Amino acid sequence: MSPIQTLRNGAARRVDLIPMTPMEQLRAGRTVRRVTQLFVGLWLYGTAMAMFIEAELGLDPWDVFHYGVQQHVDLSFGTIVIIVGGFVLLLWIPLKQWPGLGTVANVFVIGIATDVMLAVLEAPSELWLRWTFLLGGIVVNGIGAAMYIGSQYGPGPRDGLMTGLARRTGLSIRLVRTSLEVTVLAVGWLLGGVVGFGTVLYALLIGPAVQAFLPLLTVRVTPPRRLTSELVDPSAVDGEGEGEDPVGTRTPELAGCDGQRPA
């Protein structure tokens with residue numbers, strides 16, 4: 001079966017992204033498959049971040065911020081990612097949110113993976129190779145984000161902050177997300193972060209990339225009893241929807257997690 005046929009078959013799958021508490025996530029079954037997919041996905045996400053950095057064509061908003069901070073402190077990029085992730089996680093406390101296994105793993109694994117892969121990958125000198133790193137990084141990022149989200153172990157710190165603020169303020173996910181990302185992008189740029197055409201290209205392509213892989217990589221789990229009779233079609237991951245995001249409105253913990261930071 002060709003890769004295109006595989007994606008088409010995956011797009012036809014309907015698998016629920018289920019809103020669960022941290023304990024429900026742990027009891028949802030298929031633990032070995034889900035934990036393996038979670039950590040592989042996070043490692044791929046960190047690999048993609050390293051590819052973006054080495055390409056030097058622009059970073060996504062949060063990494064513009066991370067890179068800007070790095071210009072003023074003697075710490076590795078991955079260490080800064082971990083520290084910022086931990087700080088963002090602390091902001092969950094007043095929002096009364098509880099982190100899942102995926103949330104905590106996100107804080108550490110992506111930063112570690114980024115530093116390891118930055119040490120492994122050599123920065124390309126030719127422009128076509130830099131574009132290959134950028135475009136390949138977007139694909140790798142999309143796969144990693146879909147694997148991480150599809151493991152159903154909870155949102156990353158930054159996505160959880162977004163959904164938590166939206167719930168507490170009553171503002172839309174779109175408005176809260178846009179405000180957060182514009183803010184970190186502006187602050188990161190002022191600190192010396194790298195903004196370029198790649199930043200715009202990432203913003204345009206990462207959503208479709210995650211949407212292409214998410215139906216294929218979402219793990220079918222056992223829903224908690226309280227939700228067994230409530231799950232309906234709008235909450236399903238459906239690659240054949242009429243222009244809608246594959247994460248339905250009944251899954252606020254994951255809605256809007258299009259891969260720009262499943263971290």
Side-chain angles (χ1 to χ4, degrees), residues 3 38-88 105-149 156-159 180-210 212-213 258-263:
L38 168 67
F39 282 92
V40 171
L42 291 174
W43 193 272
L44 288 177
Y45 199 100
T47 299
M49 288 170 61
M51 294 173 72
F52 297 144
I53 294 170
E54 298 288 28
E56 297 183 344
L57 292 170
L59 304 172
D60 72 90
W62 278 99
D63 286 339
V64 170
F65 176 74
H66 297 144
Y67 194 91
V69 172
Q70 188 185 24
Q71 307 313 301
H72 301 274
V73 296
D74 187 21
L75 295 171
S76 70
F77 188 90
T79 300
I80 293 170
V81 171
I82 292 172
I83 292 173
V84 172
F87 176 76
V88 172
N106 184 293
V107 172
F108 297 99
V109 176
I110 290 179
I112 294 171
T114 304
D115 276 351
V116 171
M117 298 311 296
L118 281 173
V120 172
L121 297 174
E122 295 185 5
S125 56
E126 298 184 21
L127 183 59
W128 72 271
L129 282 174
R130 292 167 59 196
W131 276 103
T132 300
F133 266 48
L134 175 65
L135 296 175
I138 291 175
V139 174
V140 173
N141 188 292
I143 295 172
M147 292 182 73
Y148 160 66
I149 295 170
R158 297 157 184 82
D159 283 322
L180 282 173
E181 300 220 349
V182 168
T183 299
V184 297
L185 177 64
V187 173
W189 178 72
L190 290 173
L191 291 173
V194 179
V195 178
F197 188 75
T199 306
V200 178
L201 197 62
Y202 180 93
L204 293 174
L205 296 181
I206 192 58
V210 176
F213 293 107
D258 64 3
Q260 293 199 23
R261 176 64 58 183

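Predicted model only: the values in this text are computed from it and were never measured.
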Supply the atom-to-atom distance [X] [atom1] to [Y] [atom2], rounded to the nearest 0.5 angstrom.
| X | Y | atom1 | atom2 | result |
| --- | --- | --- | --- | --- |
| M147 | L38 | CE | CG | 9.0 Å |
| T114 | H66 | OG1 | NE2 | 9.5 Å |
| L205 | L135 | CG | CG | 7.5 Å |
| I110 | L44 | CD1 | CG | 10.5 Å |
| M51 | L118 | CE | CG | 11.5 Å |
| T47 | L121 | OG1 | CG | 7.5 Å |

Worksheet item: Should L204 and V200 be marked as a side-chain contact (heavy atoms from CB on, under 4.5 Å) after you check the CA-CA gap, both sets of side-chain angles, and the distance that decides it?
Response: CA-CA 6 Å; L204 293 174; V200 178; 4.1 Å; yes
Discussion item. If you apply the rule side-chain contact (heavy atoms from CB on, under 4.5 Å), what do you find for Q71 with L191, and how did you get there?
Written reply: CA-CA 7 Å; Q71 307 313 301; L191 291 173; over 6 Å; no
Fill in: side chain to side chain contact (heavy atoms under 4.5 Å, CB included) partner of W189, chosen from V194, T199, V184, V195
V195
Closest heavy-atom contact between [X] and [Y]?
| X | Y | result |
| --- | --- | --- |
| I138 | I206 | O-CD1, 3.9 Å |
| F77 | D115 | N-OD1, 3.7 Å |
| A50 | M117 | CB-CB, 3.7 Å |
| Y148 | G156 | OH-N, 2.6 Å |
| V81 | M49 | CG2-CE, 3.8 Å |
| G137 | A48 | O-CB, 3.3 Å |

Mind checking whether [X] and [Y] have side chains closer than 4.5 Å, heavy atoms only?
| X | Y | answer |
| --- | --- | --- |
| I149 | D159 | no |
| Y45 | V140 | no |
| T183 | F65 | no |
| I112 | I82 | yes |
| P124 | T132 | no |

Item to complete: Assert yes or no for the condition that the ring centre distance of F52 to F133 is strictly below 6.0 Å.
Response: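 That pair fails the under 6.0 Å test.
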Worksheet item: Stepwise, does the side-chain contact (heavy atoms from CB on, under 4.5 Å) test hold for L134 with L201?
Response: CA-CA 9 Å; L134 175 65; L201 197 62; 4.0 Å; yes
Item to complete: Would you check, one step at a time, whether the test side-chain contact (heavy atoms from CB on, under 4.5 Å) holds for E56 with R130?
Response: CA-CA 7 Å; E56 297 183 344; R130 292 167 59 196; 3.9 Å; yes
Worksheet item: Can you tell me if Y67 uses its side chain to pair, donor with acceptor, with the backbone of W62 under 3.5 Å?
Response: no
